[in-house]
Amino acid sequence: MTYPVNNLDDAYNACNPDKPLEVNDSRYLDLKEVRNNQNVSTLLRVIKRTTQTGDFCKQLLTGHTGSGKSTELKRLQSQLEEALYFVVYLDVESSLDLQQITYQDVLLNIAQELVNHLASTNIELDSSLLNDLQQWFADRIVSEDYVKEVKASASVSGQAGIDIPFIAKLLTKLTGEIRSGSSRRIEIRQNIEKEQQSFIAKLNDLLLAARIKLKNKEHTDLVIIIDGLEKIKQKNVYDALFLEHSEQLTDIDSHTIYTIPAALSFHTNLGNFFSDEAFFIPMVKYETPEGKQRLTELVNKRLNVAALFENPLFLDDLIAMCGGSVRDLLRLIRTATDTDSEKIQAEDIARAISSLVKVYDRLVWEEDVPLLKKVMIDKRVVKTEDKKYERLLSNRLIHEYENGKPWAALHPALTRITWLQTALSG
Amino acid sequence: MNQSLDEAIELHPSLKFFLKAMQRCNGFGLYFLRCNTLDLRDELLPVIKGALAKPIVELDIDPKNDIYVDAQVSQLMETAPDNAVVFIYGLEKLFYLKERPLMEELNWRRGHYGRVEHPIVFWLPEFLITEILTYAPDFADWYSGVYEFSLSAPEKSNLTLKTWDSVNENIIGSLSLEEKQRWIINLKNLLEELADDNSQSRRDLLNRLGQLYASLGNYDKALSCYQQNLELCRLLKDKENEGATLNNISLIYKARGDSDTALCYLQDSLKICQQIDNKEGEGATLNNISNIYDVQGDYDTALRFLQDSLKITQQAGNKAGEGATLNNISQIYKARGDYDTALQLLEGSLKIYQQIGDTAGLCTTLFNIGHIHLKNEDPEQAEATWREAYQLAKTIGLAQVLNALKNLAKQLGGEDLTFWESEDRRYL
């Protein structure tokens, strides 16, 4: 499909509210000026700078769901690779399928992805190092017998032509045990916990060897991106991971970028181990002239607004209702295209808006009213003890923006919910 | 009932937009279709299948299948045509499984759904849409559309009556755990449909739902249903049902061991029954009140209330109530060790039940008589009486008595109810 499209059928498919854009997608538009004047190039600069000083950049990244995190991270990966960095990108969503994820799982996953990625790009690590690591696992984490079993089944199902070192297969098997919630999971986690210092030391040996090899092959350095952790919803799980075990997560000798739940970005203790503040991707400032213009441009990259909207100004109504969430905007457009006419009419716009409002109506509870009122007045997220704000953020009833400093507002869809408006004005 | 597409769109305006979206969507798309009942789905499906020019692959969730839903979908779609659409039904069955964290599963595994290059439509009851939006927000936020379908008004009442007749008070006792959970889902869905309705049906449904929750020990939810009902009854000045609901609420507090609160509710109920001269309700409430005192060991007060209750039921000519009250009074005398009076009362109750042909009442009374004989050290008589009770209970499938007899059989060295079939005298 070539963008922008000129008919409603294609327009529907040009506006996916779901998956992130791939790096070379022509629909991409950099919205940094109408967010907080930062995009992931900032992170690129930080990583480059720390590489030069010989330090490691340990960066956190956050933003609302649908704010564009994964799209931006993929762009970061591309920019890093252009600058000759070797990037290991993990999306825990696909590699660690759990509702209870621990730091042991994450570190193990990092080791697995690193070794496998190196192998698949034909970068060979010293075999004695790999054997040593394999022996360490056999001695301390699982057992000789287990390792023998894995070896046996690996050779049976051997993939012809791909010479992956055994340690890669072993690590894959171990993360597999964790993902599947097998009986071994507890044992593996407990043993890594017991052998924490040693495990991290081994991992760092691996990282050092990898980095040396990579530099010999003209790579600038190694960067590990861990995406998906922002989806952890249970407080006890993300507290355990990012607060209690931040030391373990940052003890590894490599540039690392972790995504974290938006709710955690308010926590003051995170800065202790992670460098700087969390990199925040705010929502687009949709109410400013620049914001409106950029979002209009974004839509025009996908479809020909003049050709497909009865009146191009209708798009303004949709922009006003999206609250700066590109996803909501695309969704509104999708709903509006469900029309019998050749062009999107006023009633289609009304229908799209009313659909969106209904969804938000399902999300707001009566008990949210006091907090919403406060956010409305104070224009910032009020951190209350009961952490009620966390749900309001994760359900995007409150959006966060930045204007030099962060501020917050209610999603505009809430203004169309009658009972809520009455309650808020009371 | 087969409808033409136009007729269907008349009744369900969302249908037009839903069909358009399905027709257009190339590749992955996430859709939520709000449909609260099976009847509605059965109505919509043929129309959709007839109108959509794409093949539809259906997945009806089996709660016993513990493979991830996305994996089931991926498997199904391996051999499906490129332009096929997926409809998923019954996700709510997984929602009620304690050991299955459905929201986390959806949220964590959204990438797997994303890799299915087909539009995926979840057919969901209203409450589950809200649940997913709230507790699986990363997954839900991928949605392209929420399409709402509702039963038409006459269909709503038809469905309510049908459901209503099949789940009555006595049946609740005999439902299995699974059946109760299924009924809870059904009634909740039905209540969703009647959300804007203040009819008697809604009050009856709330009552039933409350009783189902109570029978599962889920007192918070039961209470919530009853409270909703109470508000409704008060709004509509329905004193009779208000009294009955207050009684139901009192049973919850009693089950929780909070006799004082239970008593308060019963006293409110009593006042109302007296206000509207509802003798039957008054008698039943006095019985319940006496039960509170009985449980606390205050037999004298319990007896007093039972005697009041007896008077009222006799006045009202409520024979069944009279029989029940005589049974309750007999239990007090039994607790005091006065077995002769207890027996007399039970025999009086027996005569009444025989008069009105109330087999359930007969069973319960015979059961109680058996225990008196036992106390009187006459095991032969006891067993004979229980055998009689068993035969009668069998004919009407009276779960409460049959369960009690089963436990009794086990205590006496038998295995199950077949213990009562045999004429052999075993004595105790």
Side-chain angles (χ1 to χ4, degrees), chain A residues 1 8-20 64-66 70 91-101 179 227-228 230-234 237 261 325 327-328 330-331 334-340 348 351-352 355-356 358-365 391 393-397, chain B residues 9 13-32 34 66 68 70-71 99-117 119-120 126-148:
Chain A
M1 209 166 9
L8 288 178
D9 282 339
D10 288 339
Y12 191 88
N13 289 302
C15 298
N16 293 64
D18 37 71
K19 297 187 266 190
H64 291 287
T65 176
S70 290
D91 189 346
V92 294
E93 191 179 307
S94 48
S95 51
L96 294 173
D97 291 333
L98 309 154
Q99 330 90 354
Q100 10 134 299
I101 182 171
R179 175 174 63 239
D227 193 2
E230 79 285 358
K231 283 196 279 300
I232 302 176
K233 292 285 169 269
Q234 294 101 303
V237 177
S325 157
R327 230 182 224 167
D328 274 349
L330 296 174
R331 233 193 305 267
R334 260 205 166 175
T335 313
T337 60
D338 277 347
T339 178
D340 281 334
D348 301 309
R351 184 173 41 82
S355 275
L356 190 77
K358 260 205 193 137
V359 169
Y360 283 97
D361 196 358
R362 288 180 169 97
L363 292 169
V364 194
W365 300 348
R391 178 178 56 84
L393 280 174
S394 84
N395 285 344
R396 291 195 300 102
L397 295 169
Chain B
I9 291 180
S14 313
L15 188 56
K16 187 170 68 152
F17 303 114
F18 175 68
L19 287 170
K20 198 131 204 177
M22 289 299 102
Q23 206 57 60
R24 277 201 174 127
C25 179
N26 274 339
F28 172 71
L30 180 63
Y31 299 88
F32 297 131
R34 197 280 306 282
D66 58 4
Y68 289 125
D70 58 273
E99 62 294 356
R100 187 121 175 205
L102 184 61
M103 295 301 113
E104 283 91 342
E105 180 183 321
L106 289 173
N107 215 42
W108 269 107
R109 296 185 66 89
R110 73 167 184 186
H112 295 268
Y113 287 100
R115 286 185 270 281
V116 173
E117 292 294 325
I120 301 182
E126 175 66 42
F127 82 89
L128 195 51
I129 293 182
T130 305
E131 196 75 20
I132 292 176
L133 286 168
T134 311
Y135 297 109
D138 300 288
F139 169 74
D141 207 31
W142 275 9
Y143 83 89
S144 283
V146 180
Y147 297 94
E148 291 165 336

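Each chain gets a letter, A, B and so on, in the order the sequences are listed, and its residues count up from 1. Just so it is clear, the structure is predicted and the values come from calculations on it, not from any experiment. Below, each value reflects all heavy atoms present in this structure, side chains not excepted, and no hydrogens, waters or symmetry copies.
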**Student:** Would A/Ile232 and B/Trp108 satisfy side chain to side chain contact (heavy atoms under 4.5 Å, CB included), going step by step from the backbone distance to the final call?
**Tutor:** CA-CA 8 Å; A/Ile232 302 176; B/Trp108 269 107; 4.0 Å; yes

**Student:** Side chain, backbone, both or neither: which part of A/Ser394 has a non-hydrogen atom closer than 4.5 Å to chain B?
**Tutor:**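 Both parts, heavy atoms under 4.5 Å.
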
**Student:** With no hydrogens and no angle check, is any side-chain donor or acceptor of A/Lys231 less than 3.5 Å from a backbone partner on B/Asp138?
**Tutor:**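 Pair absent, no side-chain N/O of A/Lys231 close to backbone of B/Asp138.
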
**Student:** Please identify, among B/Lys16, B/Arg110, B/Met103, the residue contributing the most non-hydrogen atom pairs under 4.5 Å to chain A.
**Tutor:**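 Ranked by heavy-atom pairs under 4.5 Å with chain A, first place is B/Arg110.
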
**Student:** Please classify the contact of B/Glu148 with chain A as side chain, backbone, both or neither, using a heavy-atom distance under 4.5 Å.
**Tutor:**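 Answer is side chain: those atoms of B/Glu148 sit under 4.5 Å from chain A.
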
**Student:** Check whether any side-chain heavy atom of A/Asn16 lies under 4.5 Å from a side-chain heavy atom of B/Trp142, and answer yes or no.
**Tutor:**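 The answer is no, as the side chains (C-beta and beyond) never meet within the 4.5 Å cut-off.
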
**Student:** Need one label for A/Asn13: side chain, backbone, both or neither, based on atoms under 4.5 Å from any heavy atom in chain B.
**Tutor:**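 Looking at A/Asn13, just its side chain touches chain B.
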
**Student:** Carefully, step by step, assess A/Glu93 and B/Arg115 under the rule salt bridge (Lys or Arg N to Asp or Glu O under 4.0 Å).
**Tutor:** CA-CA 12 Å; A/Glu93 191 179 307; B/Arg115 286 185 270 281; 5.8 Å; no

**Student:** Side chain, backbone, both or neither: which part of A/Leu8 has a heavy atom under 4.5 Å from chain B?
**Tutor:**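 Both parts, backbone and side chain.
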
**Student:** Which one of A/Lys19, A/Arg351, A/Lys358 has the most heavy-atom pairs closer than 4.5 Å to chain B?
**Tutor:**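 Sorted descending by pairs with chain B, the first entry is A/Arg351.
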
**Student:** Less than 4.0 Å between a side-chain N and a carboxylate O, is that true for A/Asp340 and B/Lys20?
**Tutor:**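 Salt bridge present between B/Lys20 and A/Asp340.
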
**Student:** Salt bridge (Lys or Arg N to Asp or Glu O under 4.0 Å), that's the test. Do A/Arg396 and B/Asp141 meet it? Break it down for me.
**Tutor:** CA-CA 10 Å; A/Arg396 291 195 300 102; B/Asp141 207 31; 2.8 Å; yes

**Student:** Would you say that B/Thr134 contacts A/Trp365 through its side chain, given a criterion of any heavy-atom pair below 4.5 Å between the two side chains?
**Tutor:**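 Yes, at least one pair of side-chain atoms sits under 4.5 Å.
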
**Student:** Could you check whether any side-chain heavy atom of A/Arg362 comes within less than 4.5 Å of a side-chain heavy atom of B/Ile129, counting everything from C-beta outward?
**Tutor:**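 The answer is yes, as the side chains (C-beta and beyond) meet within the 4.5 Å cut-off.
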
**Student:** Go through A/Val359, A/Thr339, A/Leu330, A/Thr335 and name the one with the most non-hydrogen pairs under 4.5 angstrom from chain B.
**Tutor:**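 The option with the most such pairs is A/Val359.
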
**Student:** Short question: side chain of A/Arg327, backbone of B/Tyr143 - any donor-acceptor pair under 3.5 Å?
**Tutor:**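 Here the side-chain-to-backbone pair does not exist.
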
**Student:** Looking at side-chain heavy atoms only, is the closest gap between A/Thr337 and B/Arg24 below 4.5 Å?
**Tutor:**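 A side-chain contact exists here, since the closest heavy-atom pair is under 4.5 Å.
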
**Student:** Do A/Asp338 and B/Tyr147 have side-chain atoms, one donor and one acceptor, less than 3.5 Å apart?
**Tutor:**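 There is such a pair between these side chains.
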
**Student:** Are any of the side-chain heavy atoms of B/Ser144 and A/Asp18 separated by less than 4.5 Å?
**Tutor:**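 Yes, at least one pair of side-chain atoms sits under 4.5 Å.
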
